[in-house]
Amino acid sequence: MELSPRYNPATVEDKWYQIWRERGYFRPRPRSDQPTFSIVMPPPNVTGVLHLGHALNTTWQDILIRYHRMRQEPTLWVPGTDHAGIHTQMKVEELLRSRGVDRRQMGRDAFVAEVWRWKEQYGGRILEQIAKLGASVDWDRLRFTLDEGLSRAVTEVFVRLYEEGLIYRGHYITNWCVTCGTALSDIEVEHRDETGTLTSIRYPLASGDGAVVVATTRPETLLGDTAVAVHPDDPRYRHLIGQTVIVPLVGRAVPIIADTYVDPDFGSGAVKVTPAHDPNDFQMGQRHQLPTIAVIGEDGRMTAEAGAYQGLTREAARVRVLEDLKAEGLVVSEEPIDHAVGHCEKCDSVIEPLVSLQWFVKVQPLAEPAIEAVKTGAVRFVPERFEKIYMNWMENIHDWCISRQIWWGHRIPAYYCQVCGNMVVSRTAVTECPVCQGPMEQDPDVLDTWFSSALWPFSTLGWPDATDDLREFYPTSVLSTGYDIIFFWVSRMLMQGIHFTGQKPFTTVLLHGLVRDAQGRKMSKSLGNGVDPLEVINKYGADALRIALVLGSAPGNDYRWSWERFEAGSHFANKVYNAMRFVLMNWDGAHIPENTPVSNYPVDQWIWSRLNKTIRVITDALDHFEFGLAAKAIYDFFWDDYCDWYIEMTKVRLKGADRERALANLVMVGRRALQLLHPFMPFVTEELYQALGPQEESIMISEWPAPQRERESQEAARDVETVQAFIRTVRNLRAEIRIAPQAQVPVVAIADDRDVLQVWTMLAPEIEWLLKAKPLTLMQKGGDAPTRTIVGMTNGGVVHIPLEGLVDVEKERERLAALKAETLAERQRVRARLADAKFLQRAPEAVVLETQKRLEELDARIRRLSEREATLT
RNA sequence: GGGCGGAUAGCUCAGUGGUAGAGCACCUGCCUUACAAGCAGGGGGUCACAGGUUCGAACCCUGUUUCGCCCA
């Protein structure tokens with residue numbers, strides 16, 4: 001077989017992805033009584049472009065999916081995209097604006113049609129990118145949150161919640177984005193500390209008898225003040241409660257009220273109350289039946305209620321109000337203050353709390369079972385610590401504002417009579433008022449995008465219909481996502497899933513961290529510190545990207561990307577490729593059946609021991625979502641054990657009579673190594689597995705390897721380790737005296753006893769081969785020790801490299817002395833430990849035995865060193 | 001203010017009661033025909049600090065410092 005010495009991922013990856021897809025491997029195998037394994041992919045935004053965070057998450061999921069598929073479980077991974085309401089609308093609006101078109105001119109229907117056109121054209125991009133990663137998703141089950149079926153689920157949920165009294169409509173204060181022109185939920189607001197000015201303003205008492213000073217960071221809202229509040233127990237103000245003050249500039253007489261919300265230690269201990277523009281003031285307003293006067297409008301400008309200030313932006317109004325207050329001598333003080341300011345998650349403008357008519361979900365009744373599910377362990381977070389974060393949030397949850405004043409999304413299924421105002425919430429369109437037969441119009445608002453995402457685990461499987469998919473694959477097994485959307489998404493899926501299906505939507509919540517740059521900064525467009533995964537794939541291949549993302553990643557931990565990591569990944573892909581290329585160059589292609597007789601050759605038994613252990617480690621790690629550990633285990637096995645030792649040791653047998661047996665084991669172990677590696681690096685492993693004469697049509701559907709104890713031997717493993725130590729010792733000596741690796745050199749080794757000699761002798765061909773040791777003389781202690789040599793200590797004996805005429809006796813003596821000092825120091829430590837009665841008494845027997853063995857070896861080494869020193873001439 | 005996480009080799013990070021690890025970087029020698037995207041060898045760490053528990057602590061507990069995140 002002709003193979004290039006360099007692995008070229010580009011020629012391999014697309015080919016295999018297409019074949020897998022055509023052959024239907026991504027679809028779940030037919031039903032059986034076996035438990036199924038299923039994941040619904042977190043739907044990326046249709047506007048999205050793949051970034052490293054997606055790549056990491058997709059890789060993790062694909063690893064799990066491929067692993068479970070190889071375990072022969074019916075396995076399903078559902079792909080899809082999210083319509084991403086505000087986000088997509090903004091994007092298309094921007095596009096239209098560049099063409100000089102405003103959406104309001106177009107009208108709703110034309111605009112929505114435009115967004116659909118955009119979606120059809122670009123919405124599939126991110127899916128193609130996910131395919132490039134090798135994601136083995138079932139494309140036949142591709143879903144979109146605005147699909148007909150999913151929209152039906154959304155309507156059904158809305159109507160049912162409404163009927164159950166868990167959805168209501170009303171005038172409440174909500175977070176309003178003046179730029180996006182819509183209400184937002186609490187979690188869509190990002191609070192950031194900013195330095196503002198705390199202005200203390202004097203409000204004269206109506207009695208003319210003095211004044212009350214209040215402090216505020218938003219003087220412009222004073223125009224809408226309808227009270228001043230103090231703490232009921234504050235002795236400074238107790239006598240004023242119930243009195244009236246005059247709001248400056250507007251001259252409005254408002255009461256002084258008592259409310260425990262007021263913090264007596266903040267500012268003057270008295271606060272102005274603006275129910276229309278502050279959530280806490282709104283609450284106080286409700287408690288005290290205060291009027292609500294909106295002085296700031298939905299466009300962020302002052303309303304008619306603001307009188308002379310009407311039409312000014314809120315920022316300009318702040319300046320003017322301050323000027324006017326100063327002119328009247330009412331400003332007592334101004335001092336800088338750090339305080340949290342809310343910003344729109346999407347557009348970053350400062351959020352304006354406003355009172356408006358919105359739809360809300362009453363969350364608490366839904367939250368309770370969702371809390372319970374995590375408490376009882378029915379749903380588990382990985383890593384566990386996020387359960388606390390989830391609980392904390394859920395136990396303090398607020399009602400959820402779900403209406404958005406935009407056009408792209410699921411329209412609220414509420415209809416209003418244009419004549420009598422009657423409202424109907426309905427699964428189907430209502431055109432005629434059931435009360436007065438007047439014309440009905442649907443609510444213009446759409447639902448929060450997360451409302452539909454919350455249904456994703458069951459809506460994608462066909463709910464509300466009782467489909468086979470639901471029966472078979474719901475609850476899903478794992479939900480893998482970033483810890484940053486636990487509140488937005490995970491909590492809501494749990495609530496809705498349990499409420500509507502009676503079952504948890506998933507068993508495990510697997511959380512990955514943020515992907516950051518090498519300096520630990522978040523990736524952002526403005527910093528330009530991100531990297532396009534496609535660029536990495538083009539440069540190094542998807543396999544390299546995947547293994548680099550997984551090596552050293554752990555649930556919940558942030559990941560720092562760097563080109564070096566990707567490069568290391570591509571080196572490994574190349575290593576794997578070349579190892580198999582070596583096997584293929586030697587192998588004539590003859591069938592090597594899986595029931596090939598067990599080899600009793602120690603090196604073969606050793607590699608099987610290593611392989612079996614690796615299988616156990618990887619399997620256990622994957623079962624516990626320890627991707628980094630699993631990847632490390634196969635990486636180390638492949639590179640260190642299989643390549644650096646097994647292949648190298650096997651080369652000598654490939655030249656001799658034992659060639660067939662060596663090859664058979666090379667191939668069999670190689671196949672299994674590829675299988676273990678397949679979930680991590682699907683493409684290169686398939687390419688090579690096919691070349692190695694597969695037992696199955698594809699590695700993807702081959703059976704996950706099980707340890708084969710009959711092929712391993714603990715004794716052989718120990719013997720090979722003894723020889724490895726021998727080889728390392730000699731290599732060390734050779735390096736020290738600068739003997740070129742390919743230069744032949746005589747080696748004389750003296751074993752302490754017959755057992756050691758036997759082990760060495762048994763593997764003499766490998767020793768000779770790997771060390772270029774010629775002649776290799778193995779003997780037992782007692783004969784004539786060679787002179788004029790340099791020596792090294794190894795387990796059970798001493799090795800000599802004779803250097804007739806080249807040995808500097810003085811230098812060698814120094815070297816030996818240093819070595820001996822080191823060994824003595826170590827023996828001292830080990831002896832001290834063994835002299836401790838408590839250690840002997842309390843440490844596990846195995847540890848004690850190991851320590852004793854170690855002391856014996858150290859004793860032996862010191863003996864050998866002394867003997868050598870004595871004979872050095 | 002409350003909570004969470006990190007602090008381990010020059011850099012990025014694994015490890016998690018029993019002799020400190022990897023990748024990259026560095027030094028030395030090698031194109032030893034699978035791989036120079038490689039091989040062999042090497043240097044480099046009071047595992048943030050202080051106490052405690054333990055026969056034994058990088059690992060468990062307490063506190064401190066410091067960086068970061070989330071919530072209010």
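We name chains A, B, ... by the order of the sequence lines, and we start the count at 1 in each one. Because the structure is predicted, anything quoted here is derived from the model rather than measured.
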Notebook entry, point to check: Among B:C71, B:G15, B:G41, which is the nearest nucleotide to the side chain of A:Arg731?
Noted result: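 Closest of the options to the side chain of A:Arg731: B:G41.
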Report which part of the nucleic acid [X] touches: base, sugar-phosphate, or nothing (heavy-atom distance under 4.0 Å, all strands).
| X | answer |
| --- | --- |
| A:Lys632 | sugar-phosphate |
| A:Arg728 | sugar-phosphate |
| A:Arg565 | sugar-phosphate |

Note to self: Counting C-beta onward and ignoring hydrogens, is there a side-chain heavy-atom pair between A:Ile537 and A:Glu13 closer than 4.5 Å?
What the structure shows: yes
Next item on the list: For A:Glu395, enumerate each residue passing the side-chain contact (heavy atoms from CB on, under 4.5 Å) test, keeping only those at least two apart in sequence or located in another chain.
Entry: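 Partners of A:Glu395 under the side-chain contact (heavy atoms from CB on, under 4.5 Å) test: A:Ile371, A:Lys375, A:Met391.
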Margin query: Taking side-chain contact (heavy atoms from CB on, under 4.5 Å) as the definition, give me every residue that meets it alongside A:Ala630, ordered by chain and number, with sequence neighbours left out.
Written below: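 Applying side-chain contact (heavy atoms from CB on, under 4.5 Å) to A:Ala630 gives A:Ile618, A:Ala621, A:Leu622, A:Phe680.
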Next item on the list: Could you encode protein contacts along nucleotides 24-30 of chain B as a string, one character per nucleotide from 5' to 3', using B for base contact, S for sugar-phosphate-only contact and - for no contact, with a heavy-atom cut-off of under 4.0 Å?
Entry: S---S-S
Check: How close or far is atom P of B:A37 from atom CG of A:Leu545, stated in whole angstroms?
Finding: 21 Å
Does [X] have any salt bridge (Lys or Arg N to Asp or Glu O under 4.0 Å) partners at least two apart in sequence or in another chain, and if so, which?
| X | result |
| --- | --- |
| A:Lys651 | A:Glu648 |
| A:Lys575 | none |
| A:Glu857 | A:Arg861, A:Arg864 |
| A:Glu850 | none |

Check: Parallel, tilted or perpendicular: which describes the rings of A:Tyr635 and A:Trp639, with under 30° parallel and over 60° perpendicular?
Finding: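 Plane angle between 30° and 60°, so tilted.
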Check: How does RNA chain B look in dot-bracket notation if pairs are Watson-Crick or G-U with both distances under 3.5 Å, crossing ones as [ ], other-strand ones as |?
Finding: ((((((((.[[[[.)..(..]]]].(((((.......))))).....[[[[[..)....]]]]]))))))).
Notebook entry, point to check: Can a donor-acceptor pair under 3.5 Å be found between the side-chain atoms of A:Glu648 and the base atoms of B:A34?
Noted result: yes
Pairs under 3.5 angstrom, nitrogen or oxygen only, protein versus nucleotides 4-9 of chain B, please.
residue, atom, partner, partner atom, Å
B:C4, OP1, A:Lys388, NZ, 3.3

By ring pair (Phe, Tyr, Trp, His ring centres under 6.0 Å), which residues pair with [X], not counting sequence neighbours?
| X | answer |
| --- | --- |
| A:Tyr172 | A:Tyr168, A:Phe360 |
| A:Tyr540 | none |
| A:Tyr483 | A:Phe386 |

Check: Rounding to the closest angstrom, what is the interatomic distance between B:C59 and B:A72 at atom P?
Finding: 35 Å
